[in-house]
Participant: 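Structure provided below as structure tokens; questions to follow.
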Amino acid sequence: SLRVTLARLGASGTVSLQTTNGSVDLTLPAGASATLEASTTNGRISSDFPLQFEGTRQNRARGTVGAGESRVTVRTTNGAVRIHRDGPSS
């Protein structure tokens, strides 16, 4: 399992988190500006940020937060993907 908290995202930066067996918990700053992509083969996706779900089992999701300056990709095979918003939204 992975637990990652990012204090900030650089403009046009890229973050990629991936695991095979285990969940991924990612916390992003409230004012994040990113394009988010999440996928799991055997698990669920939840997010404090608005995402559009794809697939018959809704095991893929994507969305744009703010201006979408950075790219954030989260993948796991066997586990959940949870994306949290840190602090108050602005």
Side-chain angles (χ1 to χ4, degrees):
S1 294
L2 294 174
R3 284 183 181 257
V4 177
T5 299
L6 299 176
R8 64 183 173 148
L9 290 170
S12 74
T14 300
V15 175
S16 181
L17 302 173
Q18 184 170 345
T19 185
T20 300
N21 293 308
S23 61
V24 180
D25 280 277
L26 172 62
T27 302
L28 296 173
S33 177
T35 299
L36 304 175
E37 293 184 24
S39 66
T40 179
T41 303
N42 300 304
R44 299 192 58 133
I45 298 171
S46 64
S47 175
D48 293 342
F49 296 95
L51 297 178
Q52 291 186 327
F53 289 86
E54 304 169 351
T56 56
R57 294 182 293 136
Q58 295 190 335
N59 58 345
R60 292 183 308 252
R62 65 180 63 222
T64 301
V65 177
E69 295 175 292
S70 299
R71 180 181 171 123
V72 177
T73 305
V74 182
R75 291 190 172 94
T76 186
T77 301
N78 297 306
V81 172
R82 293 179 287 269
I83 303 172
H84 308 280
R85 180 189 323 258
D86 188 27
S89 58
S90 38

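Bear in mind that the values here come from a model prediction, so they are computed numbers and not experimental data.
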Participant: How long is the straight-line distance from NE2 of H84 back to CG of L26, given to the nearest 0.5 Å?
Facilitator: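 Separation between the atoms: 8.0 Å.
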Participant: Please enumerate all residues that pass salt bridge (Lys or Arg N to Asp or Glu O under 4.0 Å) together with R71, with sequence neighbours excluded.
Facilitator: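 Result, salt bridge (Lys or Arg N to Asp or Glu O under 4.0 Å) vs R71: E37.
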Participant: Check A38 against I83 and note the closest heavy-atom contact, atom names and distance.
Facilitator: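 A38 and I83 have their closest heavy atoms at CB-CD1, 4.3 Å.
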Participant: For a 4.5 angstrom cut-off between non-hydrogen side-chain atoms, does L28 reach L36?
Facilitator: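 They are in side-chain contact.
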Participant: How close do A30 and F49 get, heavy atom to heavy atom, and via which atoms?
Facilitator: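 In terms of heavy atoms, the two residues are closest at O-CE2, 4.3 Å.
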Participant: Can you measure from OG1 (T76) to CG (N59) and round to the nearest 0.5 angstrom?
Facilitator: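 If we round to the nearest 0.5 Å, T76:OG1 and N59:CG are 11.5 Å apart.
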Participant: Give me the atom names and distance for the closest heavy-atom approach of S70 to S12.
Facilitator: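 Answer, listing the atom of S70 first, then S12: OG-N, 4.0 Å.
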Participant: List the residues meeting side-chain hydrogen bond (donor to acceptor under 3.5 Å, both in side chains) with Q58, not counting sequence neighbours, and say none if there are none.
Facilitator: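 Testing Q58 for side-chain hydrogen bond (donor to acceptor under 3.5 Å, both in side chains), a comparison that skips the adjacent residues, returns none.
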Participant: State which residues pass salt bridge (Lys or Arg N to Asp or Glu O under 4.0 Å) with R75; sequence neighbours excluded, sorted by chain then number.
Facilitator: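 Scan of R75 (salt bridge (Lys or Arg N to Asp or Glu O under 4.0 Å), adjacent residues dropped) gives none.
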Participant: Measure from the side-chain N and O atoms of S33 to the backbone N and O of G68, and report whether any donor-acceptor pair falls under 3.5 Å.
Facilitator: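 Yes, S33 side chain to G68 backbone: donor-acceptor pair under 3.5 Å.
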Participant: Could you tell me which residues satisfy side-chain contact (heavy atoms from CB on, under 4.5 Å) with E54, sequence neighbours excluded, listed by chain and number?
Facilitator: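 side-chain contact (heavy atoms from CB on, under 4.5 Å) list for E54, sorted by chain: R60, R62.
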Participant: Could you pull out the closest heavy-atom pair between A32 and L9, with the gap in Å?
Facilitator: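 So the two residues come closest at CB-CD1, 4.0 Å.
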Participant: Could you state the interatomic distance from OG (S1) to CG (N21), rounded to the nearest 0.5 Å?
Facilitator: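 Answer rounded to 0.5 Å: 9.5 Å.
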Participant: What pairs with T77 under side-chain hydrogen bond (donor to acceptor under 3.5 Å, both in side chains), at least two apart in sequence or on another chain?
Facilitator: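 Per chain and number, T77 pairs via side-chain hydrogen bond (donor to acceptor under 3.5 Å, both in side chains) with no residue.
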Participant: If the condition is side-chain contact (heavy atoms from CB on, under 4.5 Å), which residues does T64 pass it with, not counting sequence neighbours?
Facilitator: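 Residues passing side-chain contact (heavy atoms from CB on, under 4.5 Å) with T64: T35.
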Participant: What heavy-atom pair brings G22 and T19 nearest, and what distance separates the two atoms?
Facilitator: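 It is O-CG2, 3.3 Å.
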Participant: Quick one: does R57's side chain get under 4.5 Å of T40's, heavy atoms only?
Facilitator: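 Result no, sub-4.5 Å side-chain heavy-atom pair not found.
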Participant: Compare every heavy atom of V72 with every heavy atom of A34, then report the nearest pair and how far apart it is.
Facilitator: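 Looking at all heavy atoms of both residues, the closest pair is CB-CG2, 4.0 Å.
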Participant: Could you tell me whether a side-chain N or O of T73 sits under 3.5 Å from a main-chain N or O of S16, the two making a donor and an acceptor?
Facilitator: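 Checking the backbone N and O of S16 against the side chain of T73, no donor-acceptor pair under 3.5 Å is found.
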